[in-house]
A.B. asks: 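Got a structure for you, written out below as structure tokens; questions coming shortly.
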Amino acid sequence: MSTIKIHDKEFTPYITDQEIQEKIQLLAQQLKKDYGNKKPLFLSILNGSFLFTADLFKYLDFEAEVCFVKLASYKGVSSTGNVITAIGLDTNLNDRHVIILEDIIDTGKTLHHFLPQLQSQQLASLKIAVLLNKKEALAYPIKVDYDCFEIPNKFVVGYGLDYDGLGRNSKDIYQLKED
Ligand code: XMP
Ligand code: MG
């Protein structure tokens, strides 16, 4: 793997496809222990989580459902976000064990603004699973229940994550190169 350029910025190889797949398989095993007989509903937050969700779902060998919602909140390389309302949340969540799937948690602002929208329904349980956890950037009271990787507070792209629209179609994850 070598450095890549997206728009005006250079990115260096950070997490390989193989490492990602291994961690997602471990997550799938853990979820089976915790939800194997609960028929959980995975709520995937678009756009960034589409590859994570697709790969995780293929590794789940127990009954589970998935649905997708979109809450766009992100422009450029810093998490500024005015969180936009969830689009596509038309599934009945009453009495369901719900697991939110996010590509990355940064400040936690996105989920902090989204979670109250679930409160009108009586979920059986709610947990959060993320591929990447930028733990030191967390600024809102969000508890991440499952993560595949803890990463430092540096911008990353690839495997569903974008820099201004580009870079999602990389199997590997890249980190913004320091100047
Ligand atoms: P918050 O701060 O709300 O951010 O937890 C979560 C959302 O911000 C985006 N995000 C990133 N996207 N590389 C990206 O491509 C990053 O390093 C990054 N950090 C945050 C992402 O959309 C996530 O859902
Ligand atoms: Mg996202």
Side-chain angles (χ1 to χ4, degrees), residues 1-17 19-21 23-24 27 41-57 66-89 98-119 126-179:
M1 286 206 289
S2 53
T3 299
I4 57 166
K5 191 164 185 198
I6 301 174
H7 297 299
D8 55 330
K9 299 203 187 304
E10 298 221 43
F11 293 84
T12 51
Y14 183 50
I15 307 174
T16 65
D17 173 35
E19 291 170 317
I20 295 167
Q21 296 302 322
K23 289 284 189 176
I24 294 177
L27 175 60
L41 174 67
F42 289 88
L43 193 58
S44 172
I45 311 292
L46 295 171
N47 291 330
S49 302
F50 74 110
L51 291 180
F52 172 44
T53 302
D55 282 339
L56 175 66
F57 216 66
V66 63
C67 71
F68 295 86
V69 295
K70 181 157 186 173
L71 1 142
S73 71
Y74 207 78
K75 291 267 182 290
V77 293
S78 73
S79 190
T80 52
N82 292 322
V83 177
I84 299 163
T85 318
I87 303 164
L89 187 54
V98 175
I99 303 148
I100 292 179
L101 295 180
E102 261 281 39
D103 50 349
I104 187 165
I105 184 156
D106 190 318
T107 64
K109 183 173 178 167
T110 309
L111 289 181
H112 181 72
H113 284 88
F114 172 58
L115 295 184
Q117 296 188 39
L118 301 178
Q119 276 168 4
L126 177 64
K127 292 212 169 162
I128 297 170
V130 303
L131 179 72
L132 305 171
N133 189 357
K134 278 190 184 174
K135 223 173 177 180
E136 60 198 40
L138 194 69
Y140 290 81
I142 293 289
K143 182 172 168 276
V144 176
D145 301 287
Y146 304 95
D147 62 25
C148 293
F149 299 94
E150 282 183 17
I151 64 167
N153 192 7
K154 290 183 185 168
F155 192 77
V156 290
V157 295
Y159 194 70
L161 293 121
D162 70 305
Y163 168 43
D164 279 347
L166 296 182
R168 295 191 198 275
N169 54 325
S170 164
K171 287 192 174 71
D172 309 297
I173 292 175
Y174 290 77
Q175 192 177 57
L176 182 63
K177 196 173 175 180
E178 306 289 344
D179 293 322

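What's counted below: heavy atoms across the whole structure, side chains too, no hydrogens, waters or symmetry copies. Remember, it's 1-based here, ligands and their atoms both numbered in the order they're listed. Numbering of residues begins at 1 and proceeds along the displayed sequence.
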A.B. asks: Please could you name the atoms of ligand 1 that Thr110 approaches to less than 4.0 Å, counting only its heavy atoms?
C.D. replies: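 Every atom of ligand 1 under 4.0 Å from some heavy atom of Thr110: 1 (P), 3 (O), 4 (O), 6 (C), 7 (C).
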
A.B. asks: Would you check whether Val157 reaches within less than 4.0 Å of ligand 1, judged by its heavy atoms?
C.D. replies: no

A.B. asks: Rounded to the nearest 0.5 Å, how far apart are CG of Leu71 and NE2 of His113?
C.D. replies: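 If I round to the nearest 0.5 Å, the distance is 11.5 Å.
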
A.B. asks: Quick check on side-chain contact (heavy atoms from CB on, under 4.5 Å): which of Asp103, Val69, Leu43, Leu56 does Ser49 satisfy it with?
C.D. replies: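 Answer to the side-chain contact (heavy atoms from CB on, under 4.5 Å) test with Ser49 among Asp103, Val69, Leu43, Leu56: Asp103.
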
A.B. asks: Would His112 count as a contact residue for ligand 1, given that I'm defining contact as a non-hydrogen atom of the residue lying under 4.0 Å from a ligand atom?
C.D. replies: no

A.B. asks: Please indicate whether any nitrogen or oxygen in Leu161 is less than 3.5 Å from any nitrogen or oxygen in ligand 1.
C.D. replies: no

A.B. asks: Show me which atoms of ligand 1 lie under 4.0 Å from any heavy atom of Lys109.
C.D. replies: 1 (P), 3 (O), 5 (O)

A.B. asks: Taking atom types as modelled, is there a side-chain donor on Asn133 or Tyr146 under 3.5 Å from an acceptor on the other?
C.D. replies: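 On atom types as modelled, these side chains do not qualify, holding no pair under 3.5 Å.
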
A.B. asks: Do NZ/NE/NH1/NH2 and the carboxylate oxygens of Lys134 and Glu150 come within less than 4.0 Å?
C.D. replies: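 So Lys134 does not pair with Glu150 through a salt bridge.
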
A.B. asks: Is the ring pair Tyr140/His112 parallel, tilted or perpendicular, if the boundaries are 30 and 60 degrees?
C.D. replies: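 Correct class here is tilted.
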
A.B. asks: Under 4.0 Å from any heavy atom of Glu102, which atoms of ligand 1 are there?
C.D. replies: 24 (O)

A.B. asks: Between Thr107 and ligand 1, does any nitrogen or oxygen pair lie at a separation below 3.5 Å?
C.D. replies: yes

A.B. asks: Just jot down the side-chain contact (heavy atoms from CB on, under 4.5 Å) partners of Ile4, sequence neighbours excluded, or say none.
C.D. replies: Ile6, Phe11, Tyr174

A.B. asks: Closest by any non-hydrogen atom to atom 23 (C) of ligand 1: pick that one out of Leu71, Asp162, Ile104.
C.D. replies: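 Nearest option to atom 23 (C) of ligand 1, by heavy atoms: Ile104.
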
A.B. asks: Heavy-atom pairs closer than 4.0 Å: do any link ligand 1 to the side chain of Asp103, the backbone, both, or neither?
C.D. replies: side chain

A.B. asks: Examine ligand 1 and decide if any of its atoms is less than 4.0 Å from a heavy atom belonging to Gly108.
C.D. replies: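 Per 4.0 Å heavy-atom rule, Gly108 contacts ligand 1.
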
A.B. asks: Identify, with sequence neighbours excluded, every residue that meets side-chain contact (heavy atoms from CB on, under 4.5 Å) alongside Pro152.
C.D. replies: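 Here the qualifying residues are Tyr14, Glu136, Gln175.
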
